Amino acid sequence: MGKKTCPVCGKEVNGRSDKKFCSDECRTFYNNSLGRRRRARNRKQLNAIRFNIMEMERADSRFLLRTLSWISKVFRVISNVTKVSSRQE
Ligand SMILES: [Zn+2]
């Protein structure tokens, strides 16, 4: 059986064949950095979701603004028409 080396510090691993790390410190360090990597990935996914929501909201507000400006235009036309018609009376 070949000698195993610790993936954290590169030192030779002695002991049971299923032992991966040379020490508890290296195992803890490895597991912590794994958790950090997972958290970073979660953060990235969260940011992507947040970005999508922001884009949707922006599209929504654009649509809302367009609708509002269209409605106000219609109201202006209507009020002009009623003004003109009331003047003619
Ligand atoms: Zn080590």
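Remember, it's a predicted structure, so these values are computed and weren't measured experimentally. For ligands, and for the atoms within them, numbers begin at 1 and follow the listed sequence.
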Sub-4.5 Å side-chain heavy-atom contact between R50 and N47: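 Touching, per the 4.5 Å side-chain cut-off.
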Point-to-point distance, once rounded to the nearest 0.5 Å, from CZ of F51 to CE of M56: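 It is 11.0 Å, given to the nearest 0.5 Å.
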Reported CG-to-CZ distance for the pair L34 and R39, which is rounded to 0.5 angstrom: 10.0 Å
Check: S17 main-chain N/O paired with K4 side-chain donor or acceptor under 3.5 Å: yes
Neighbour count >12 (heavy atoms, 6.0 Å) for atom NZ, K11: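 Result for NZ/K11: open.
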Partner of C26 by side chain to side chain contact (heavy atoms under 4.5 Å, CB included), out of V8, V13, N31: V8
Under 2.8 Å from the Zn ion (ligand 1), the protein N, O or S atoms, given as residue and atom: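 N, O, S partners closer than 2.8 Å: C6 SG, C9 SG, C22 SG, C26 SG.
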